[in-house]
Amino acid sequence: MFNVTEDIKYIGADDTDLDLFEGQYKVPFGVSYNSYICFDKKIAVFDTADNRKTKEWLENLSAALNGATPDYLIVLHVEPDHSASIPAFLKRYPSATVVGNEKTFVLIERFYGDIALNKLIVKDGDELDLGKHALKFVFAPSVHWPEVMMSYDKTDKLLFSADAFGKFGALSHEEEWLDEARRYYINIVGKYGIPVQNVLKKLSAFDIAAICPLHGPVLKDNLSYYINKYDAWSSYRPEEEGVLIAYASVYGNTAAAAGKLAEKISIKTEVFDLNRCDMSEVVAAAFKYSKLVLASVTYDGSVLPCAESFISKLKSKNFSNRTVGFIENGSWAPAAARVMRASFENFKNISFCNTAVTVKSAIDNDAEAQIERLAAELS
């Protein structure tokens with residue numbers, strides 16, 4: 001636990017044993033389930049924790065309360081990693097009023113049944129008076145669930161931002177915010193760029209001193225940096241000029257072509273092996289850079305499954321506004337470039353490099369020349 005401000009305390013819990021977030025994203029340094037409490041004439045708790053940490057969270061809450069009783073439980077997001085401890089909370093503090101919107105309570109009932117609770121249903125823009133502190137509710141539908149809302153403390157100028165501005169990694173593991181925040185955003189929220197843009201417009205009217213997300217650290221300094229990252233990600237703008245090369249190789253020749261291309265490109269370049277990398281990392285990296293090169297051997301008249309999966313992931317996250325190039329390999333009937341281009345033609349605002357590299361089994365002089373031309377286009 002720690003103090004966020006004089007009246008507001010962090011009471012969340014780290015989960016360093018979790019291996020897969022949402023059952024699919026590797027989290028080698030775990031994740032935090034953030035929860036906060038505001039002490040005033042009325043005491044308000046912001047969100048709970050995953051059932052993996054219910055006991056620890058309740059202990060943190062009890063220690064912070066020091067014998068007091070909470071008046072409100074504010075539910076900003078009903079995803080179970082933040083709401084699963086609601087039944088245990090209500091069993092211990094049955095007089096508390098649960099604050100949410102209409103969709104909040106629909107989802108609570110679907111997850112936890114008809115649990116006894118006192119409800120306060122709020123609408124977008126409503127305020128809750130705690131005494132000195134006044135909480136303004138800012139609805140953020142589809143960021144990334146339909147019931148999501150944020151809360152702005154007008155007194156301490158804190159934004160309780162639900163999953164927005166969060167990141168992978170337990171708080172006990174210190175690291176830079178950006179990479180794991182990008183991986184979190186692109187893979188968890190990335191599809192919902194327009195709703196994120198809408199809420200960013202709402203938030204521009206607020207004087208925000210700190211952002212309190214449901215995962216990751218409380219953000220206090222240089223908030224424009226974090227907000228600008230969210231603006232870029234949600235509008236699908238590249239963060240920086242550079243090239244991501246992602247390859248799917250069988251015997252190493254396609255990998256060799258990808259490596260040779262990387263050597264010849266004069267701007268920043270990252271290379272990923274799609275057969276072996278963490279898919280969430282390469283998908284996030286694709287959104288980081290302005291250009292993408294996808295290289296695959298021809299397989300069953302198409303591409304390797306890992307390349308197909310990568311393209312599918314990009315499409316599901318609305319990958320757009322990029323330049324895309326291709327390297328294909330085929331010993332007798334190369335088809336990968338045609339297949340890959342056909343897939344990307346369904347994406348928005350994609351331009352294609354004029355040169356598509358064809359490797360016929362292994363790199364020869366023709367392939368070398370094509371790699372040179374593609375590198376010149378990308379540089």
Side-chain angles (χ1 to χ4, degrees), residues 24-25 140-146 148 163-165 178 181-204 227-248 265 267-270 272 274 277 279-296 302-328 335-357 374 377-379:
Q24 58 183 316
Y25 302 113
S142 296
V143 186
H144 57 117
W145 278 26
V148 171
D163 271 349
F165 301 100
L178 181 57
R182 181 193 300 109
R183 186 165 73 95
Y184 180 89
Y185 175 87
I186 297 301
N187 288 280
I188 305 296
V189 189
K191 178 181 177 67
Y192 305 103
I194 292 175
V196 173
Q197 282 286 302
N198 290 339
V199 78
L200 287 177
K201 290 175 184 176
K202 289 183 182 180
L203 296 178
S204 66
I227 293 170
N228 288 340
K229 288 297 181 185
Y230 257 62
D231 182 48
W233 295 338
S234 59
S235 57
Y236 305 103
R237 299 194 313 271
E239 285 180 65
E240 60 183 273
E241 184 73 11
V243 184
L244 172 74
I245 302 175
Y247 68 85
I265 295 173
I267 60 175
K268 185 175 180 180
T269 304
E270 280 194 62
F272 284 84
L274 289 174
C277 70
M279 188 61 71
S280 69
E281 290 186 6
V282 66
V283 168
F287 280 81
K288 178 180 179 180
Y289 295 113
S290 57
K291 299 171 184 178
L292 167 68
V293 174
L294 185 53
S296 178
S302 183
V303 296
L304 277 185
C306 61
E308 188 174 31
S309 176
F310 177 56
I311 295 170
S312 176
K313 289 283 188 182
L314 292 178
K315 184 173 179 59
S316 72
K317 306 306 177 186
N318 290 337
F319 184 78
S320 52
N321 304 318
R322 303 299 196 279
T323 297
V324 179
F326 304 107
I327 298 173
E328 66 178 356
R338 172 178 54 79
V339 170
M340 292 186 289
R341 176 162 180 148
S343 295
F344 278 95
E345 284 174 347
N346 295 319
F347 289 35
K348 293 181 180 179
N349 298 326
I350 297 294
S351 60
F352 296 103
C353 294
N354 294 320
T355 304
V357 176
L374 181 56
E377 285 190 57
L378 294 165
S379 297

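Counting from 1, the numbers follow the sequence of the chain as shown. Computation of the quantities below employed the complete heavy-atom set of this structure, encompassing side-chain atoms and omitting hydrogens, waters and symmetry-equivalent molecules.
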| Would E239 and K229 pass as an ion pair if we require N to O under 4.0 Å? | yes
| said: Is the shortest side-chain heavy-atom distance between E270 and Y289 below 4.5 Å? | reply: yes
| task | Count the heavy atoms belonging to other residues, nucleotides or ligands that lie under 6.0 Å from CG of L178, then report whether that count exceeds 12. | result | yes
| message | For a 4.5 angstrom cut-off between non-hydrogen side-chain atoms, does S320 reach F347? | response | no
| What do the steps show when you test C353 against T323 for side-chain contact (heavy atoms from CB on, under 4.5 Å), and what is the final call? | CA-CA 7 Å; C353 294; T323 297; 3.8 Å; yes
| query | ring-ring contact (aromatic ring centres under 6.0 Å, His included) between Y230 and F165: does it pass, once the steps are laid out? | reply | CA-CA 8 Å; Y230 257 62; F165 301 100; 4.3 Å; yes
| task | Please answer whether the main-chain N or O of A232 pairs with a side-chain N or O of S234 as donor and acceptor at a distance below 3.5 Å. | result | no
| task | Could you please spell out the steps behind the side-chain contact (heavy atoms from CB on, under 4.5 Å) verdict for L314 and V283? | result | CA-CA 6 Å; L314 292 178; V283 168; 4.3 Å; yes
| Do you know the tightest heavy-atom contact between P195 and P141? | CB-O, 3.4 Å
| task | Over all heavy atoms of both residues, which pair between L274 and A307 is shortest? Give the atoms and the distance, please. | result | CD1-CA, 3.9 Å
| field | Geometric cation-pi criterion, R341 with F352: 6.0 Å, 45° | value | yes
| request: Begin from the C-alpha positions of F319 and F287 and carry the test ring-ring contact (aromatic ring centres under 6.0 Å, His included) through to its verdict. | output: CA-CA 7 Å; F319 184 78; F287 280 81; 5.4 Å; yes
| message | Do P238 and R322 have side chains that approach each other closer than 4.5 Å (heavy atoms only, starting at C-beta)? | response | yes
| task | Show your reasoning for whether side-chain contact (heavy atoms from CB on, under 4.5 Å) applies to F326 and F344. | result | CA-CA 11 Å; F326 304 107; F344 278 95; 3.9 Å; yes
| query | What's the shortest heavy-atom distance between N346 and K315, and which atoms? | reply | O-NZ, 3.7 Å
| remark: Rounded to the nearest 0.5 Å, the NZ atom of K202 sits from the CD atom of Q197 at a distance of 13.5 Å
| Looking only at heavy atoms, what is the nearest atom pair of F272 and C277, with distance? | CD2-CB, 4.0 Å
| Close side-chain approach of V189 and V143, heavy atoms under 4.5 Å | yes
| Does some side-chain heavy atom of F310 sit less than 4.5 Å from a side-chain heavy atom of V282? | yes
| message | So which atom in M279 and which in S309 form the shortest heavy-atom distance, rounded to 0.1 Å? | response | CE-OG, 4.1 Å
| field | Distance in Å, K288 NZ paired with L244 CG, rounded so as to fall on 0.5 Å steps | value | 10.0 Å
| query | Any donor and acceptor pair, going by atom type alone, linking the side chain of S312 with main-chain N or O of E308 inside 3.5 Å? | reply | no
| field | Check: Y236 side chain, G193 main-chain N or O, donor-acceptor pair, under 3.5 Å | value | yes
| request: Flag the pair E241 and K291 as a salt bridge only when some basic side-chain nitrogen lies within less than 4.0 angstrom of an acidic carboxylate oxygen. | output: yes
| I245 pairs by side chain to side chain contact (heavy atoms under 4.5 Å, CB included) with which of L378, L292, I265? | I265
| Rounded to the nearest 0.5 Å, how far apart are OG1 of T355 and CD of E377? | 4.0 Å
| query | Rounded to the nearest 0.5 Å, what separation is found between the OG atom of S280 and the NZ atom of K317? | reply | 10.5 Å
| N321 side-chain N/O to R237 backbone N/O, donor-acceptor pair under 3.5 Å | no
| said: Is it the case that the side chain of S343 and the backbone of V339 share a donor-acceptor pair, with hydrogens and angles ignored and the cut-off at 3.5 Å? | reply: yes
| request: Report the C-alpha distance between K191 and N318 in whole Å, list the side-chain angles of each, state the deciding distance to 0.1 Å, and finish with yes or no for side-chain contact (heavy atoms from CB on, under 4.5 Å). | output: CA-CA 6 Å; K191 178 181 177 67; N318 290 337; 4.2 Å; yes
| request: Taking S296 for its side chain and E328 for its backbone only, find out whether a donor-acceptor pair lies under 3.5 Å. | output: no
| query | Distance from H144 atom NE2 to N187 atom CG, nearest 0.5 Å? | reply | 12.0 Å
| note | So CG of L200 and CD1 of I227: to nearest 0.5 Å the spacing works out to 7.5 Å
| field | Side-chain touch V196/Y185, heavy atoms, less than 4.5 angstrom | value | yes
